[in-house]
Structures are given as C-alpha cells and as structure tokens.
Amino acid sequence: MEKSEEEKIVIVGGGICGLATALALHRKGLESIVLEKSEKLRATGACIIMQPNGWRALHQLGIASKLRQTALPIQSGHYITVKDGKHTDLLVGNGGECRCLRRSDLMKTLAEELPPNTVRLGCKVVSIKVDANTSAYSILHLHDGTMLMPRVIIGCDGVNSVVASIVGLNSSRHFSTCAIRGVTHYQTLHPFGTAFYLFDKDGVRLGLLPINHNDVYWFLTRKLTSTADSMVSKDQKLIKESTVEAIKGFPNHITEMINNSDVDSLHLTDQMRYRAPWDLLRTKFCKGTVTLAGDALHAMAPFLAQGGSASLEDAVVLARCLSQNMGIALDPTGMKAARAALDQYAKERKMRVFWLSLETFVVGTMHDTSALLIF
C-alpha cells in the first residue's frame, strides 16, 4: 500500500557528495533526508586525494581539523621516467594544502556530524516525476511503495545517476584507460616521507601518496583491455597479479609495495567515466526544483584528482544558495524560492565545473607527461 510523505529537501545518494550536501544544509539550518539504496554506507575505492579547494570546503563544513589528524600533508612531488631514471619536480596542489584521505574516514566523519535519522538506508528510487495536479511538487517513488513529495530533489547518485536523466543530461562516456587503486601498510615507516611520486614507463603510470607514516595509497593507469579487465575487476587477487605484471621493470621497492598491498583495498575501474564538458554547457543544471551535484553532474576521471574536491564545493555552494532563498517566505509553498535558489546554484557552478571537466578531458585524451604537472 502506498503512503506519501512531504519533505522539504531530499538528497538521492548517500556517498561523499550526498552526505556533504546534507551536512552543508544542516550547517545552514536546513533539514534534509538522504536516500541511500545500499543497506549500509560504503565508500567505493580506498582513498581520495583532497586538493586545496576541497580543504576550503571541508573547513566550511566544520570537519577539516578533524580530518587533518588522519592524513599527512603532501609537501613535494616527483615525476620519474623508469627507463632512464630521470627525475622532475612536480607542483602538488598548486602549492596549497593537499592530503590523501581514506574514503572511509571522510564518510564516517560526515555521517557523524549529521542529525539522527538524516540518512535512510535501503531506499531505492524507482521513478521521479512532476505532480500532474499542481505542477509544483516533484514526486519520488521508492521501491517499497512510498511516495515523497519534496520541494527540492538533489541528485548525488553518482556517475550512473537516475536523477541526471530527469534533468536532461546525456549519458556519461568513458576513456580507453583503466585504473587500479590500492593501499599498502608498512610495519615500520614507509620510505616516501611526505612526497607524491609518479613513475612512468611505456604508457603505464604508477602514482603513490602517503596517507600517514605507515600507510601508502597508490594508483596505476594503463591502456584498457576491455574483455580481460572486465574479468580481472571481479577478483582482487587477479587485480594484484595484473598490476605486478604491468609494472615489470619498475624499481624493486615499487614491486614490493604492490606485492605487500592489502588485497581487500584493491579496486580496478575498467571504465573511467566522464561527463562531456560540452554537455555541461548545453544543459541546464536543474529542471524545476530538481538539481544535481557531484559525479551525477560532472563525473570526472581521476586525472586531475578533482572529482571529490569539486563535489564538496557543490555541496557548500548549493546549501548557501538554498539558505539565502528558502529562508524568505516568497510564496506559500516555497517553490518559487526553491527555483530561484537552484537557478543561482547553476549560475555559480556552470563555468567552474565546465573548466574542470574540460581540463580533465584534455588530460585524459592526451595523457601526456606535461599535463600531469598540475597534480
């Protein structure tokens, strides 16, 4: 039997962006609920590289100081061509604060700051449509028959977003590059200090960043071999074996790092998806009072390490726009105020995410050494 509930703001997706958006709204005194289809909050991937703009957003969310305790600052960068051993210095974080956070630490910290019952687990959105009677409230249909009628719907449901199709964004595309990520724990201090290293040999690139004095996050990118990688991605032992095979000829301490990595941390992305930058220019970021944030809006492959930081920016800007507009009783239902808030959000974010997406697209397409200096 269907039941209906009226909510002011509903966030679809309980990942980093969804939780950050709920927290940003909470900091502004606005209530929201987060619908997460999984039965528990889970972080896809081991770590996230937090750039200076991400730290500014975390500061506004009130959790930057707590998260700094979990990760070392990355203070230098080194690009090494394996064949000749040539070293080149890299500028990390454009000279600003850059750290490597465990995704689980970030998710946990965001969730702990939210009011009780903000996140509803096991809630899968089946469909979204505009109320045919009032043409005002959108209606969310959940898998259990529940109908929600919120003033605002925010899609934070990732690269395969259900909400994005409502707004009118084209499907995401993918690069012909795959990425493998993992974490290695050292019983004694690891040898990398507080530096980012990037090794390059024959189109295979391996980067690493210290998380703390004993744990190192590493990632590898190489050409996609679709059939084989699709099979390997389902077996973490095969992921490790394929990584060791890919780095033949790399320094011994790098091979040892991969061999000693935590198998449970390994993740292979066989399709690095992105939202075409020209789609962002041509499409409105909202439809009525439905909008998008994070990967649902501007999915970026990890070439700039900006996906997470840009998502946190979305959360902060969106909460500010909603706070400035929805706090004023412009109309009985608040729908005009909601539309004004989302229009303001779209105006502020469009060119910012376009340029980030365009830069990521160029780097991903060219995949050349000079492009990596921005990291």
Side-chain angles (χ1 to χ4, degrees), residues 14-16 38-50 67 70-72 74 82 99-109 158-159 174-175 177-193 195-273 295 301-303 305 307-308:
I16 289 171
S38 300
E39 295 297 331
K40 63 179 181 178
L41 293 177
R42 53 192 176 90
T44 302
C47 294
I48 183 169
I49 299 167
M50 197 57 62
L67 286 168
T70 71
L72 294 171
I74 306 302
V82 173
R99 299 174 192 250
C100 183
L101 298 175
R102 288 186 182 272
R103 286 179 177 266
S104 57
D105 287 342
L106 178 54
M107 294 273 288
K108 180 182 178 183
T109 302
V159 65
H174 63 87
F175 290 103
T177 303
C178 73
I180 301 171
R181 304 173 178 89
V183 172
T184 301
H185 176 75
Y186 289 77
Q187 294 296 331
T188 56
L189 300 182
H190 61 68
F192 306 111
F196 162 59
Y197 287 87
L198 182 66
F199 296 85
D200 190 355
K201 180 178 181 288
D202 298 331
V204 176
R205 294 194 174 99
L206 185 143
L208 63 89
L209 301 93
I211 303 169
N212 50 45
H213 293 296
N214 295 99
D215 298 304
V216 175
Y217 167 65
W218 55 265
F219 60 89
L220 179 143
T221 60
R222 57 171 172 76
K223 197 73 174 176
L224 176 68
T225 55
S226 56
T227 304
D229 286 326
S230 180
M231 294 174 59
V232 169
S233 66
K234 297 176 175 63
D235 187 321
Q236 289 171 307
K237 290 183 179 179
L238 290 179
I239 293 175
K240 178 181 281 193
E241 292 174 7
S242 71
T243 306
V244 172
E245 179 68 23
I247 60 169
K248 281 186 176 179
F250 277 58
N252 289 335
H253 69 290
I254 297 301
T255 304
E256 290 176 6
M257 180 186 71
I258 302 301
N259 276 321
N260 294 330
S261 61
D262 177 7
V263 173
D264 291 336
S265 74
L266 299 179
H267 183 80
L268 187 153
T269 305
D270 58 351
Q271 289 191 345
M272 292 203 294
R273 306 198 73 84
D295 284 349
F303 300 112

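What you see below is based on every heavy atom in this structure, not just the backbone, and it leaves out hydrogens, waters and symmetry mates.
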- Query: Which distance, rounded to the nearest 0.5 Å, do you find between the OH of Tyr217 and the CG of Leu101?
  - Reply: 11.5 Å
- Drop me the distance from Leu220's CG to Ile247's CD1, to the nearest 0.5 angstrom. 7.5 Å
- Short question: side chain of Arg103, backbone of Ala46 - any donor-acceptor pair under 3.5 Å? no
- Message: Run the salt bridge (charged side-chain N to carboxylate O under 4.0 Å, His left out) test against Glu39 and tell me which residues pass, sequence neighbours left out.
- Response: none
- Message: Give me the atom names and distance for the closest heavy-atom approach of Ile239 to Thr243.
- Response: O-OG1, 2.7 Å
- Is there side-chain contact between Phe250 and Val204, with at least one heavy-atom pair below 4.5 Å? yes
- Task: Begin with the C-alpha distance, continue with both residues' side-chain angles, and end with the deciding distance and a verdict on side-chain contact (heavy atoms from CB on, under 4.5 Å) for Leu67 and Met50.
- Result: CA-CA 11 Å; Leu67 286 168; Met50 197 57 62; over 6 Å; no
- Note on the structure: With Leu206 as partner, the option from Thr221, Asp200, Ile258, Leu198 fulfilling side-chain contact (heavy atoms from CB on, under 4.5 Å) is Ile258
- Message: Around atom NZ of Lys108, are there more than 12 heavy atoms from other residues, nucleotides or ligands closer than 6.0 Å?
- Response: no
Side-chain donor-acceptor pairs of residues 179-192 under 3.5 Å, sequence neighbours excluded:
residue	atom	partner	partner atom	Å
Arg181	NH1	Thr269	OG1	3.0
Thr184	OG1	Trp218	NE1	3.3
Thr184	OG1	Met257	O	2.8
His185	ND1	Asp215	OD1	2.7
His190	ND1	Phe192	N	3.2
His190	NE2	Asn212	O	2.7

- Task: Indicate the atoms forming the closest heavy-atom contact of Lys201 with Lys248, along with that distance.
- Result: NZ-O, 3.5 Å
- Message: Testing the basics here: between Arg99 and Leu72, what is the closest heavy-atom pair and its distance to 0.1 Å?
- Response: CG-O, 3.3 Å
- Of all heavy-atom pairs linking Cys100 and Ala71, the shortest is O-CB, 3.3 Å
- Indicate yes or no: at least one non-hydrogen side-chain atom of Ile211 is less than 4.5 angstrom from one of Arg102. yes
- With rounding to the nearest 0.5 Å, note down the distance linking CD1 in Ile48 to CD1 in Ile16. 4.0 Å
- What pair of heavy atoms forms the shortest contact from Arg222 to Thr177, and how long is it? O-CG2, 3.2 Å
- Query: For Ala195 and Ile74, which heavy atoms make the closest approach, and how far apart are they?
  - Reply: C-CG2, 4.2 Å
- Message: side-chain contact (heavy atoms from CB on, under 4.5 Å) for Leu238 and Leu268? Distances and angles first, verdict last.
- Response: CA-CA 10 Å; Leu238 290 179; Leu268 187 153; over 6 Å; no
